Amino acid sequence: MAPRVRFAPSPTGYLHVGGARTALFNYLYARRHGGRFLLRIEDTDVERSSADMVTGILDGLRWLGITWDEGPEVGGPHAPYFQSERLERYSAAADRLVASGHAYACYCAPERLRGEREAAEAKGEAWKYDRACLALTPERLAELRAEGAPHAIRFKVPEGTVSFNDAVHGPIAFEGATIEDFVIRRSDGYPTYHLSVVVDDAEMAITQVVRGDDHISNTPKHVLLFQALGAAVPEFAHVPLIVGTDKKRLSKRHGATSVLEYQKAGYLPDAMVNFLALLGWAPGDDREVMTREELIASFALEGISGGNAVFDTAKLDWMNGQYIAALDDAALLATVTPLLETAGLWPLAAGSADRSEAWLLTLLGLLKPRAKRLTDFLEQARPFLTDTVDYDTAAVEKHLSPAHTREQLAALIGALRGVEPFTEPGVEAAVRGTAEALGIKAGALIHPTRVGIIGKTTSPGIFESIVLLGRERTIARLEHAQSFSAVGA
RNA sequence: GCCGGUAUCGUCUAGGGGUUAGGACACGUGGUUCUCAGCCACGGGACCGGGGUUCGAAUCCCCGUACCGGUACCA
């Protein structure tokens with residue numbers, strides 16, 4: 001039987017990296033085994049859920065290229081895929097469980113229970129629902145029912161051990177005695193998470209539940225529910241959490257947590273996918289940079305490690321740099337040009353017709369090995385795409401202010417005027433020749449030149465940069481740069 | 001407190017009764033060089049602690065410890 005897995009986010013927040021990785025693992029598993037990957041929106045908490053969050057989650061998944069076979073927008077045989085549209089099913093299931101003796105109505109006032117719980121906690125004691133309503137006499141029950149008294153429905157947790165074999169952790173067992181009779185339907189008629197997730201996983205014929213580690217302790221409840229409902233219990237795989245450098249659950253405190261923020265920050269979706277896949281999972285050999293196809297071909301739940309994983313931005317940056325370096329010309333142009341356009345750096349103003357797309361590609365090619373994130377292109381391309389140069393004060397102070405730079409730059413300007421054609425070898429010869437004539441090292445001339453035309457001390461190779469900028473612009477900038485030089489000497 | 005999970009370089013991990021405990025990121029050094037990046041080479045760096053089983057334990061068992069998660073009419 002082809003596996004059926006699902007990602008079931010609650011739209012109470014954006015898609016964070018932890019959720020994205022859980023979705024990715026489900027997706028990889030489905031693709032690996034020719035199964036189906038469903039997306040189900042768990043929006044039973046109407047207060048905290050919102051349509052915007054649903055959109056954000058869908059956009060996040062789409063950006064990462066994690067496509068779903070059934071779910072919102074694509075539909076499927078088990079539609080609807082929004083739990084808010086499936087409420088009758090949960091309610092009916094709760095009724096069935098009451099009828100079969102697996103659950104019972106609870107009329108206890110939530111305030112009373114909360115009070116007792118807090119009192120017990122204050123004394124450092126464990127507290128569990130006392131089953132007061134299970135002890136109600138039939139007469140009293142009939143009375144309450146006749147009054148239409150509000151009530152929740154609780155699952156009657158049986159005695160004995162509940163165990164399951166987790167694909168990541170191996171066998172896990174819980175004693176029924178440690179699990180309280182949990183609510184499955186609230187007094188307002190809405191299901192709790194436990195009920196809705198099990199009813200849907202059963203109805204949607206989910207075969208593997210791959211979800212966060214934080215659900216391990218809910219799992220015995222779910223196993224019990226599947227059994228009481230007469231449904232097949234799926235296999236479970238609890239994947240460890242992604243945490244910050246302080247080992248705590250990832251939160252805003254640690255920086256960006258939404259996958260869409262990573263898009264904005266200049267990360268490529270394939271790099272993100274590759275990085276996320278390796279957080280808590282390894283193929284078993286030394287491969288790290290892997291295509292989506294390789295990821296799919298190698299993925300196995302058993303390869304997921306048991307401990308939490310620290311989200312290491314430095315490695316993400318490296319990974320992203322790998323993917324940027326691998327971009328071919330067409331892809332480079334297609335991914336970077338829109339960013340330049342948004343920043344108003346491209347296309348150039350009317351008077352700059354000498355800068356073609358081929359010219360831009362040359363520039364991007366020079367910048368490519370220097371970029372870790374797409375946003376790096378923006379900053380580094382700026383001096384080549386704008387008419388005015390932003391001069392770094394410290395760089396000017398160090399390389400342009402000395403009195404002798406004025407004459408050195410003057411000499412270089414003169415030499416550049418004579419370069420024909422204005423290509424790299426010619427420019428290089430001019431620069432080196434000028435330095436020699438001045439009796440200084442090439443580097444001593446190159447540094448002020450770089451600051452003069454770029455505005456700062458770092459850039460691609462100086463000869464490529466000069467050629468890219470063109471003779472006129474280079475000379476104009478060098479002339480302007482002379483004004484920083486102290487008069488005299 | 002109770003229940004559950006986890007523990008290999010700073011980080012992600014491979015491995016696993018006998019290995020020089022492997023790789024990657026980060027870090028350091030050197031090389032290339034006009035800077036930065038890149039690239040290349042080299043280097044430092046780990047099996048949580050204590051018992052046990054065994055000829056031999058990082059690996060298996062037990063006990064601790066630490067960390068994480070759960071402990072709701074949230075999901």
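Order of the sequence lines sets the chain letters (A, B, ...), proteins ahead of strands, with each chain counted from 1. Worth knowing before you read on, the calculation uses all heavy atoms, side chains too, and leaves out hydrogens, waters and symmetry mates. Just so it is clear, the structure is predicted and the values come from calculations on it, not from any experiment.
Contact annotation for A:Glu180: backbone-only contact, meaning every heavy-atom pair under 4.0 Å involves sugar-phosphate atoms and none involves a base. When heavy atoms are screened at a 4.0 angstrom cut-off, A:Ser10 is found touching the sugar-phosphate backbone but no base atom. Heavy atoms of A:Arg211 sit nowhere under 4.0 angstrom from any nucleic acid atom. Across all strands shown, A:Thr245 has no heavy atoms under 4.0 Å from either base or sugar-phosphate atoms. Note on A:Gly461: a base of the nucleic acid sits closer than 4.0 angstrom, heavy atoms only. A:Gly212 comes within contact range of no nucleotide atom at all, as no heavy-atom separation falls under 4.0 Å. A:Phe463 comes within 4.0 angstrom of a base, heavy atoms only. Contact annotation for A:Arg117: backbone-only contact, meaning every heavy-atom pair under 4.0 Å involves sugar-phosphate atoms and none involves a base. Contacts of A:Asn218 with the nucleic acid, taken as non-hydrogen atoms under 4.0 Å apart, include base atoms. Using a 4.0 Å heavy-atom cutoff across all strands shown, A:Lys128 reaches no nucleic acid atom at all. Across all strands, A:Leu241 comes closer than 4.0 Å only to sugar-phosphate atoms, never to a base (heavy-atom distances). At the heavy-atom level, A:Ala120 lies nowhere under 4.0 Å from the strands shown. Within the 4.0 angstrom heavy-atom criterion, only backbone atoms of the sugar-phosphate kind lie near A:Gly280; the bases stay farther away. Heavy atoms of A:Thr192 sit under 4.0 angstrom from primed sugar atoms or phosphate atoms, though from no base atom.
In this entry B:A7 has B:U65 as its Watson-Crick or G-U wobble partner, both defining distances falling under 3.5 Å. B:C2 is paired with B:G70 under the Watson-Crick or G-U wobble criterion, all donor-acceptor distances under 3.5 Å. Remark: B:U35 base-pairs with no nucleotide in the shown strands. Criterion, Watson-Crick or G-U wobble with two distances under 3.5 Å. Pair assignment for B:U19 gives none, since no Watson-Crick or G-U wobble pairing has each distance under 3.5 Å. If you check B:A14 for Watson-Crick or wobble pairing at under 3.5 angstrom, you find it has no partner at all. Under the Watson-Crick or G-U wobble criterion, with both distances below 3.5 Å, B:A41 is paired with B:U29. Here B:A58 sits opposite no nucleotide as a Watson-Crick or G-U wobble pair (both hydrogen-bonding atom distances under 3.5 Å).
Listed nucleotides B:G23, B:U13, B:A26 differ in distance to A:Lys315; the shortest reach to its side chain belongs to B:G23. Across B:G70, B:G22, B:C74, the shortest atom-to-atom separation from the side chain of A:Asp214 is found for B:G70. Between B:A75, B:U11, B:C34, one nucleotide has an atom nearer to the side chain of A:Thr44 than all others, and that is B:A75. When distances are taken from the side chain of A:Asp286 to each of B:G23, B:G70, B:C12, the shortest belongs to B:G23. In the set B:C25, B:C68, B:G69, the nucleotide with an atom closest to the side chain of A:Ser217 is B:G69. With distances taken from any side-chain atom of A:Arg370 to the nucleotides B:A14, B:C34, B:U35, the minimum falls on B:U35. Out of B:C34, B:U6, B:U13, the shortest distance to the side chain of A:Ser305 is found at B:U13. If you check B:C12, B:G5, B:C73 against the side chain of A:Leu279, the one that comes closest is B:C12. The side chain of A:Ala152 approaches B:C73 more closely than any other nucleotide in the set B:C73, B:A26, B:C36. Checking B:C73, B:C39, B:A14 against every side-chain atom of A:Gln322, the shortest atom distance belongs to B:C39.
Ring orientation note: the planes of A:Phe299 and A:Tyr29 are nearly perpendicular, at an angle over 60° on the 30°/60° scale. Relative ring orientation between A:Tyr129 and A:Trp127 is described as perpendicular, the plane-to-plane angle rising above 60° on a 0-90° scale split at 30° and 60°. Aromatic ring pairs are classed by plane angle as parallel below 30°, tilted from 30° to 60° and perpendicular above 60°; the pair A:His151 and A:Tyr107 is tilted.
At the phosphate of B:G38, OP1 or OP2 sits under 4.0 Å from a side-chain N or O atom of A:Lys372. Side-chain nitrogen and oxygen atoms of A:Thr12 include none within less than 4.0 Å of the OP1 or OP2 phosphate oxygen of B:A75. For A:Lys221 and B:G70, the shortest distance from a side-chain N or O to OP1 or OP2 is not below 4.0 Å. Close to B:C73, at under 4.0 Å from its OP1 or OP2, lies a side-chain N or O of A:Arg154. For B:C74, one of the phosphate oxygens OP1 or OP2 lies less than 4.0 angstrom from a side-chain nitrogen or oxygen of A:Arg186. Side-chain nitrogen and oxygen atoms of A:Arg287 include none within less than 4.0 Å of the OP1 or OP2 phosphate oxygen of B:A24. Side-chain N/O atoms of A:Arg185 include none lying less than 4.0 angstrom from OP1 or OP2 on B:C73. A sub-4.0 Å separation between OP1 or OP2 of B:G69 and a side-chain N or O of A:His215 is absent.
Where A:Arg21 and A:Pro369 each meet RNA chain B at their nearest nucleotide, the meeting point lying more 5' is that of A:Arg21. In terms of position on RNA chain B, the residue among A:His169 and A:Asn308 whose nearest nucleotide sits closer to the 5' end is A:His169.
The base of B:G23 is paired with the side chain of A:Glu288 by a donor and an acceptor separated by under 3.5 Å. One can find a donor-acceptor pair under 3.5 Å joining the base of B:C73 and the side-chain atoms of A:Ser187.
Side-chain atoms of A:Tyr193 and A:Asp45 form no donor-acceptor pair, as typed in the model, at a separation below 3.5 Å. When only modelled atom types and interatomic distance are considered, A:Thr458 and A:Arg370 share no side-chain donor-acceptor pair under 3.5 Å.
Between the NZ atom of A:Lys368 and the C1' atom of B:C36 there is a distance of 18 Å, given to the nearest Å. Between the CG atom of A:Asp45 and the P atom of B:A75 there is a distance of 5 Å, rounded to whole Å. With rounding to whole Å, A:Ile216 atom CD1 is found 16 Å from B:A75 atom C1'. Look at CD on A:Gln83: it is 13 Å from C1' on B:C74, rounded to the nearest Å. Rounded to a whole Å, the CG atom of A:Leu366 is 17 Å from the P atom of B:C34. Here B:G10 presents its P atom at 10 Å from NZ of A:Lys247, a figure rounded to the nearest Å. In this structure, the CG atom of A:Asp188 is 8 Å from the P atom of B:C74, given to the nearest Å. Going from atom CD1 of A:Ile454 over to atom C1' of B:C34 covers 13 Å, rounded to whole Å.
A:His254 is linked by a ring pair (Phe, Tyr, Trp, His ring centres under 6.0 Å) to nothing, counting only residues two or more places apart in sequence or in another chain.
For A:Glu436, the CD atom is loosely surrounded, since the number of other residues' heavy atoms within 6.0 Å does not exceed 12. The number of heavy-atom neighbours closer than 6.0 Å to CD of A:Glu294, taken from other residues, nucleotides and ligands shown, is above 12. Annotation for A:Asp188: atom CG counts as buried by contact number, over 12 foreign heavy atoms lying within 6.0 Å.
B:A72 and B:C12 are spaced 35 Å apart, taking the C1' atom of each and rounding to whole Å. Here the separation of B:G45 from B:G23, taken at their P atoms, is 14 Å to the nearest Å.
A side-chain donor-acceptor contact under 3.5 Å links A:Asn320 to the backbone of A:Lys372.
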